[in-house]
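Naming convention: chains lettered A, B, ... in sequence-line order (proteins, then strands); numbering from 1 in each chain.
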Protein chains: 2
Amino acid sequence: MMVSASTASGLDSYGFMAGILPSACPSRTVLDHVTSKWGVLILLALSAQDRRWGELRRTVQGVSEKMLAQTLRTLEADGFVQRDAQPTIPPRVDYRLTPRGREVADRLLPLMEWIAANADAIVAGRPAG
Amino acid sequence: MMVSASTASGLDSYGFMAGILPSACPSRTVLDHVTSKWGVLILLALSAQDRRWGELRRTVQGVSEKMLAQTLRTLEADGFVQRDAQPTIPPRVDYRLTPRGREVADRLLPLMEWIAANADAIVAGRPAG
DNA sequence: CGGTATCCCCCTCGATACTG
DNA sequence: CAGTATCGAGGGGGATACCG
């Protein structure tokens, strides 16, 4: 079986294929953060434009305040998101992607586009139940 | 702010940016399956080569039998993975990506490569705690 | 070998209330 | 507006036992 050389060799060079992302390795935690239920959607929302807290809450439909705050803190700790708080009254806080965050978002976008384009067909084809 | 036209316009054409993947839409469920804790790793493992159950269990380190079975069933229901059982004794079951599964895996690979290459720096930069 | 069934703990997450 | 604190339900997920 043949796999596109550019992708397969890239992965093998990091030793993925023998045991994939060994359980103790740092990649697992980063992966969990990036692909977390709300992490993906927040990164995507910020990839389009910088957003304020309330705007983010409205854009990422269904996220609770708790999970928005928690996920933002995680993404900030990993250096994907920068928090910019202005000590005005009322307070104003903007969130933006860091350069590192943009690199991740750029790799998330093709996946999301594909899912958006194919979701209907996938759901329609699921076995009943 | 300028974003690469090829990615941004692609997303906007699916109406992502106003409210991102509205909570009720099918994309959310597909996204959850693809980016689930074990789903990503299983798709990645199968993208390198077809694998038997036991091989998959060893390759995806840390997965329990229950979660491996459960995740494989989900990926199969979504049409990403094909199960090929041979009624021999002892039984032999192979799993392979479907064409649809390969399309997803191809979009997952660049993300995984980036994470593998940057995980150490990210973890090292996390605040203490 | 390649699973399924069951029990049960713990941790995530949502709801609610409160604050600067 | 932009959060934090607390609580309680639910289900993800591990351990174990069993089956074809």
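- With sequence neighbours left out, the side chain to side chain donor-acceptor pair (under 3.5 Å) criterion links B:Gln70 to no other residue.
- The distance from atom CD of A:Gln82 to atom CG of A:Asp50, rounded to the nearest 0.5 Å, is 9.0 Å.
- Judged by distance alone, the side chain of B:Thr74 and the main-chain N or O of B:His33 form no donor-acceptor pair under 3.5 Å.
- Not a single side chain to side chain donor-acceptor pair (under 3.5 Å) links A:Glu76 to another residue, sequence neighbours left out.
- B:Phe80 has its side chain within reach of B:Arg100: a pair of non-hydrogen atoms, C-beta onward, lies under 4.5 Å apart.
- Once rounded to the nearest 0.5 Å, the distance linking CG of A:Leu31 with CE of B:Met112 reads 4.5 Å.
- Reading DNA chain D from its 5' end, the first and the last nucleotide to sit under 4.0 Å from a heavy atom of chain B are D:dG13 to D:dG20.
- The rotation axes computed at either terminus of the helix from C:dC1-D:dG20 to C:dG20-D:dC1 lie 50° apart, taking five pairs at each end and rounding to 10 degrees.
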Summary of protein contacts for nucleotides 14-19 of chain C, nucleotide by nucleotide, where a base hit scores B, a sugar-phosphate-only hit scores S (4.0 Å, heavy atoms):
BB----
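- In this structure, CZ of A:Arg73 is placed 13 Å from P of C:dC13, rounded to the nearest angstrom.
- By the 4.5 Å heavy-atom criterion applied to side chains, B:Leu97 and B:Val81 are counted as neighbours.
- Atom CZ of B:Arg83 is separated from atom C1' of C:dG2 by 8 Å (rounded to the nearest Å).
- A straight line from CG of A:Leu72 to P of C:dC13 spans 14 Å, rounded to a whole angstrom.
- Side chain of A:Ser27 to main chain of B:Ala119: no donor-acceptor pair is present (N/O by atom type, distance under 3.5 Å, no hydrogens or angles).
- Summarising the geometry, the separation between OH on B:Tyr95 and C1' on C:dC1 is reported as 12 Å, rounded to the nearest angstrom.
- The backbone N or O of A:Val63 lies less than 3.5 Å from a partner atom in the side chain of A:Arg57, making a donor-acceptor pair.
- Nucleic acid contact class of A:Arg52 (heavy atoms, under 4.0 Å, all strands): sugar-phosphate only.
- Look at CG on B:Asp94: it is 14 Å from P on C:dC1, rounded to the nearest Å.
- In this structure, A:Arg83 contributes its side chain and A:Leu72 its backbone to no donor-acceptor pair below 3.5 Å.
- Taking A:Thr29 as the reference, B:Arg126 meet the side chain to side chain donor-acceptor pair (under 3.5 Å) condition, with sequence neighbours excluded.
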